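Structure record follows, encoded as structure tokens.
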Amino acid sequence: MPNGKLIASALLAVVLGTGGAHAAQCGNTSSGFDAWKQSMAQEASRAGVGQRGLAALQGASYSSSTISADRNQKSFKYSLEKFMQVRGAATIVSRGKKLKAQNAQLFSNLEARFGVPAGPLLAIWGMETAFGGYMGDTNLISATATLAYDCRRSEFFTGHLMAALQLVDRGVVSTSSVGAKHGELGQTQFLPGSVLRYGVDGDGDGKIDLVRSRADALASTANFLRAHGWRAGAGYQPGQPNYGAIQGWNAASVYQQAIAIMGKQIDG
């Protein structure tokens, strides 16, 4: 998923006005979650979240599975070789080459529009969701609200929660939208703040749908990379100009290297 630290910080500053600590009391168990929702609803209302977004917050449930996943992120501690084996790099490259050929016009259009070639986009798509094969089973609002409430990274996820509620207001997501355990959404797993900031319409239907439209998901991913400094025609291996944009996508070094390696193999 995109590394959303700067996005979340910026969103938090905007929605809370001063950028300071929020008033809703975080907690490390489910016992204070309902009281926290009431306080957070007041903050969201002051920040301009509408009735649909506020109703979505009130309907959120504490997600124990999200907390469990947050406490047990092990794969980023692997060596690069082990990480790529666990993530199925060979399969991603093989299928990525086929998808590149089958969707040649789409990837040509994306490169013309954003300057990003097919390889890294396919590597990201494959690693995040097996090319849309599995996008998660956790309620988006509940997952994001749980992490905003949880004391470990409350400030970071409060920004993304506010973004998620705004996306509900805009009709981009609904109260029934599902994603991964940390609230990542769609075929390339955008956190809500990234959807709000970088989501684009890639198929020309006037909507942003990162779940059902591969064109929207891939265009939004390319837009994210461009916004993080991607330069058309420049290399994206470690030490090359566009590697920094890949680093913006995910903070884990093994993940960054894997994208670069698989992308190059797919691009040929």
Side-chain angles (χ1 to χ4, degrees), residues 1-17 19 22 24 37-38 40-61 63 66 113-114 128-129 132 135-149 155-228:
M1 66 178 176
N3 176 23
K5 184 176 290 186
L6 293 177
I7 299 169
S9 297
L11 283 168
L12 188 63
V14 170
V15 298
L16 299 185
H22 52 84
K37 285 198 299 183
Q38 303 310 311
M40 185 54 66
Q42 294 176 18
E43 294 181 20
S45 179
R46 289 195 297 269
V49 173
Q51 288 304 310
R52 287 200 295 180
L54 295 174
L57 175 60
Q58 290 307 315
S61 301
S63 177
T66 288
R113 181 177 176 184
F114 299 102
E128 293 288 357
T129 65
M135 290 180 272
D137 59 3
T138 304
N139 182 271
L140 171 69
I141 303 302
S142 291
T144 313
T146 297
L147 291 166
Y149 163 70
E155 183 173 344
F156 175 84
F157 277 102
T158 294
H160 286 296
L161 173 61
M162 292 292 190
L165 301 180
Q166 292 178 50
L167 291 171
V168 172
D169 280 337
R170 298 180 186 188
V172 176
V173 302
S174 73
T175 55
S176 61
S177 293
V178 296
K181 296 299 184 186
H182 288 76
E184 306 99 324
L185 178 74
Q187 299 202 30
T188 57
Q189 300 285 273
F190 268 44
L191 284 168
S194 292
V195 179
L196 195 65
R197 189 165 185 176
Y198 303 113
V200 295
D201 175 17
D203 56 19
D205 67 353
K207 310 184 288 188
I208 298 172
D209 186 347
L210 304 189
V211 175
R212 287 171 287 272
S213 172
R214 64 175 53 176
D216 287 5
L218 293 168
S220 298
T221 305
N223 189 41
F224 179 100
L225 293 173
R226 183 177 65 177
H228 284 74

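Values below: every heavy atom of this structure, side chains too, minus hydrogens, waters and symmetry copies. These numbers were taken from a predicted model, which means no experiment stands behind them.
Annotation for Ala164 and Pro192: closest pair N-CB, 3.6 Å, computed over non-hydrogen atoms. Minimum interatomic distance between Asp169 and Gly53 (heavy atoms only, all atoms of both residues): OD1-N, 2.8 Å. Residues Thr129 and Gly186 share a closest heavy-atom pair of CG2-O, 3.5 Å. Residues Gln58 and Ala41 share a closest heavy-atom pair of NE2-CB, 3.3 Å. Closest approach of Ala44 and Leu54 over heavy atoms only: CB-CD2, 3.8 Å. Between Ala56 and Ile141, the shortest heavy-atom contact is O-CG2, 3.6 Å.
Within the model, atoms OG of Ser194 and NE2 of His160 stand 6.0 Å from one another, a figure rounded to the nearest 0.5 Å. Here Leu191 contributes atom CG and Phe157 contributes atom CZ; the two are 5.5 Å apart, rounded to the nearest 0.5 Å. Of the inter-residue distances, the one linking Thr175 atom OG1 with Leu57 atom CG reads 12.0 Å to the nearest 0.5 angstrom. Within the model, atoms CD of Gln189 and CE of Met135 stand 8.0 Å from one another, a figure rounded to the nearest 0.5 Å. Within the model, atoms CG of Leu225 and OH of Tyr198 stand 10.0 Å from one another, a figure rounded to the nearest 0.5 Å.
With hydrogens and angles ignored, the 3.5 Å screen pairs a side-chain donor or acceptor of Asp216 with a backbone N or O of Gly202. Counting only distance, with no hydrogens or angles, the side chain of Thr146 and the backbone of Ser63 share a donor-acceptor pair below 3.5 Å. No donor-acceptor pair under 3.5 Å is formed between the side chain of Thr144 and the backbone N or O of Leu161. A distance-only check finds no donor-acceptor pair linking the side chain of Ser45 to the backbone of Gln42 [under 3.5 Å]. A side-chain donor-acceptor contact under 3.5 Å links Glu43 to the backbone of Ala24.
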message = Applying side-chain contact (heavy atoms from CB on, under 4.5 Å) to Arg113 and Val200, what does each step give before you reach the verdict?
response = CA-CA 12 Å; Arg113 181 177 176 184; Val200 295; 4.2 Å; yes
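No side-chain heavy atom of Tyr149 sits less than 4.5 Å from a side-chain heavy atom of Met40. Under the 4.5 Å side-chain criterion, counting only non-hydrogen atoms from C-beta, Lys181 is in contact with Asp137. When side chains are defined from C-beta on, Leu210 counts as touching Ser220, because their heavy atoms get closer than 4.5 Å. The closest side-chain heavy-atom distance from Val211 to Leu185 is below 4.5 Å. The shortest distance between side-chain heavy atoms of Thr158 and Glu155 does not fall below 4.5 Å. Considering only heavy atoms from C-beta on, Leu147 stays 4.5 Å or farther from Phe156 through its side chain. The closest side-chain heavy-atom distance from Val178 to Thr138 is not below 4.5 Å. Leu196 has its side chain within reach of Leu167: a pair of non-hydrogen atoms, C-beta onward, lies under 4.5 Å apart.
Every residue two or more places apart in sequence or in another chain was checked for a ring-ring contact (aromatic ring centres under 6.0 Å, His included) with Phe114, and none qualifies.
Taking the six-membered ring where the residue is Trp, His228 and Phe224 present parallel rings, their angle staying beneath 30° rather than reaching 60°.
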